[in-house]
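Single-structure report; data block below.
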Amino acid sequence: MRASVLSDWLAQRLERGNGQPIYRQLHRLLQQAILSRELPPGSKVPSSRLLAQELGIGRNTVTQVYEQLVLEGYVSSATGRGTFVADSAPDEIVGVPDAPLPQTRPETLPPQAQRALSVRGARLIAGAGVSKRQWGAFMPGVPDVTKFPARVWSRLHNKYWRRLRPDLLTYAPGGGLASLRHALADYLRTSRSVRCTPEQIIITTGIHQSVDLAVRLLSDPGDVIWTEDPCYWGVRSVLHVSGLQSRPIAVDEEGINPSADDLAHPPKLMLVTPSHQYPLGMVMSLARRRMLLEYARQHQCWIIEDDYDSEFRYGSRPLASLQGLDTSGQVIYVGSFGKTLFPGLRIGYLVVPQALAESFATASAELYREGQLLQQAVLAEFIAEGHFTSHIRKMRTLYGQRRQTLLDAAAHRYGDALPAVGGDAGLHLVMQLPEGSDDRLVATAALERNIVVRPLSGYYAQPSLAPSGLLIGYACVPDEEIAPCFDTLADAIDATLVQFA
Ligand SMILES: Cc1ncc(COP(=O)(O)O)c(C=O)c1O
């Protein structure tokens, strides 16, 4: 795009008097133009004087936007020569963590894929965190699917197949099956203190899809989203591929902890795990929850609350949701049956403010053309007959015992030398490794011994600066295998740390 064309392109898109400062609009539009390659790498952008004149805005505004884009790595300026689009867009925007995880991330893409994939597609694949292994000790985040009450489920399933109702075998009406939305509303109100009617519930295929839908409906490419640092790689990929700019926000023992500088730049959205920070495990304090809700209200930002595994809390009752404290309708609550029942079920849900419910239901049907209604009918009855809550109760006891067995095995081998954190809830804990050690090497050494753990550093925006540790999932490991498997893991740790020493 030539300079004069760029001015026209911008002039058509800048909206005066729409409540958004011109500075912010111009910044976002230029980012978009660079990311979409309307402004190709190496091209010269007009001088601030010329652009200000052509757009009829202050030169200071343009200068400030250019300075910001230089800081973010979109453009560079050469004294006397002008300002040029950088050769590659900054990684943070399109989603490549700065160091690859060894066993899951290819060093380079095969040349054919490199040529065929779009920029965002290639970056998604090169930065993918998904593992080829999804079962076995100590796979984090996976429940014990062998304990699922298969007999009850197949009885209900058979009942629906025998009746063969056409309405359960066709496409889903937007939002999912009414009986499941009713059963879920009851469950979420009583167990998670979520304030909702059945109409506010939108059934999806899980949290990944819920976040995707929320982001598509509530933001535009280039908008900023706050994510916790560290955070779950899966939703981070969903956000990046949607073209959002992630701003990683540090967490402390009270949860997400935005700095004064962060607070000075309100995002469009934020994504938080208040009941059980992923992956470190802390609970967001009430003071922090109130602060966040008030900030979101004042700045009209959306908070996506990812409540992925809070049913499993050991030693205290599950904590109430952030959504239950929200009085101004800023929270989008997302949850899943992936941890409570089994991940392959692929059923999750969003709870959205009443005013948005119809739009979300329509968009979900429009974009994803959903089905699985027979499965949803079975699940609704499974919940209504009480099997869901009794399964959760049973599994909570079992996971609590497994967690303790793992803690004992770790203490037996290492004493206090390698402390574990985040084990009060959920399906995994984090074992800290000595500062400066490479947790990716340890994870690779463990995998060679057939043990799956994930390196903590991979969950941070900048893995090379992150603390070293391992995510160890205990939920899917039979009790009697936990201690021997931990010994095998410890052999991998010791072998790697000796090299490190
Ligand atoms: C924090 C967090 N959110 C979401 C998910 C995935 O949820 P779903 O399987 O429903 O897409 C996970 C899976 O491990 C997770 O750890």
Side-chain angles (χ1 to χ4, degrees), residues 101 104 128-131 133-135 138-145 176 180 184 188 192 201-215 225-242 246 248 251 255-256 269-284 303-313 319 321-322 332-351 364 368 370 372 375-376 379 399 422-423 425-430 452-456 458-460 471-476:
L101 287 175
T104 53
V130 69
S131 167
R133 286 272 303 267
Q134 295 295 336
W135 182 246
F138 287 110
M139 183 78 208
V142 174
D144 191 344
V145 297
L180 180 58
L184 251 175
L188 292 174
R192 308 293 309 118
I201 294 182
I202 310 297
I203 306 297
T204 64
T205 59
I207 290 173
H208 278 232
Q209 195 182 62
S210 298
V211 171
D212 186 57
L213 185 62
V215 160
I225 181 162
W226 285 0
T227 48
E228 295 171 329
D229 191 26
C231 75
Y232 171 51
W233 51 264
V235 286
R236 191 165 60 190
S237 287
V238 172
L239 302 176
H240 284 146
V241 91
S242 305
S246 285
V251 296
I256 193 167
L269 295 147
M270 41 184 122
L271 180 74
V272 289
T273 48
S275 299
H276 187 219
Q277 202 282 330
Y278 194 85
L280 295 178
M282 59 285 252
V283 173
M284 192 185 290
I303 302 178
I304 302 179
E305 175 179 15
D306 179 356
D307 200 24
Y308 61 103
D309 75 355
S310 49
E311 280 86 358
F312 300 116
R313 177 153 285 281
L319 297 142
S321 65
L322 180 69
I332 308 289
Y333 175 93
V334 300
S336 174
F337 290 97
K339 315 286 180 201
T340 45
L341 296 179
F342 57 98
L345 181 61
R346 300 316 294 151
I347 299 186
Y349 42 88
L350 293 137
V351 180
S364 161
Y368 311 125
E370 303 222 58
Q372 300 276 17
Q375 191 103 306
Q376 291 182 23
L379 178 55
Y399 298 154
L427 309 178
H428 76 274
L429 47 79
V430 174
V452 190
V453 285
R454 280 185 172 270
L456 175 64
Y459 292 78
Y460 282 82
L471 269 73
I472 310 181
Y474 47 80
C476 63

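In each ligand, atom 1 is the first atom listed, and ligand 1 is the first ligand listed.
In terms of heavy-atom proximity, Pro343 sits nearest to Val145 at CD-CG1, 3.8 Å. Heavy atoms only, all atoms of each residue included: Tyr349 and Leu184 are closest at CD2-CD1, 3.6 Å. In plain terms, the two heavy atoms of Tyr460 and Asp229 that are nearest each other are CA-OD1, 3.2 Å.
Residue contacts with ligand 1, taken as heavy atom pairs separated by less than 4.0 Å, involve Arg346 solely via side-chain atoms from C-beta onward. Heavy atoms from both the backbone and the side chain of Ile207 come within less than 4.0 Å of ligand 1.
Leu379 is listed as a side-chain neighbour of Leu341, based on a closest heavy-atom distance under 4.5 Å.
Between Gly141 and ligand 1 there is no heavy-atom distance shorter than 4.0 Å.
Between the side chains of Arg236 and Ser246, not a single donor N or O lies within less than 3.5 Å of an accepting N or O.
Taking only non-hydrogen atoms, the option from Glu228, Lys339, His428 nearest to atom 13 (C) of ligand 1 is Lys339. Scanning Tyr459, Tyr308, Tyr232 for the heavy atom closest to atom 5 (C) of ligand 1 points to Tyr232.
Residue Asp306 approaches ligand 1 through these ligand atoms, each under 4.0 Å from one of its heavy atoms: 1 (C), 2 (C), 3 (N), 4 (C). Residue Ser336 has at least one heavy-atom neighbour below 4.0 Å for each of these atoms of ligand 1: 8 (P), 10 (O). Less than 4.0 angstrom separates some heavy atom of His208 from each of these atoms of ligand 1: 6 (C), 11 (O).
Ring pair His428/Tyr278: centre-to-centre distance below 6.0 Å.
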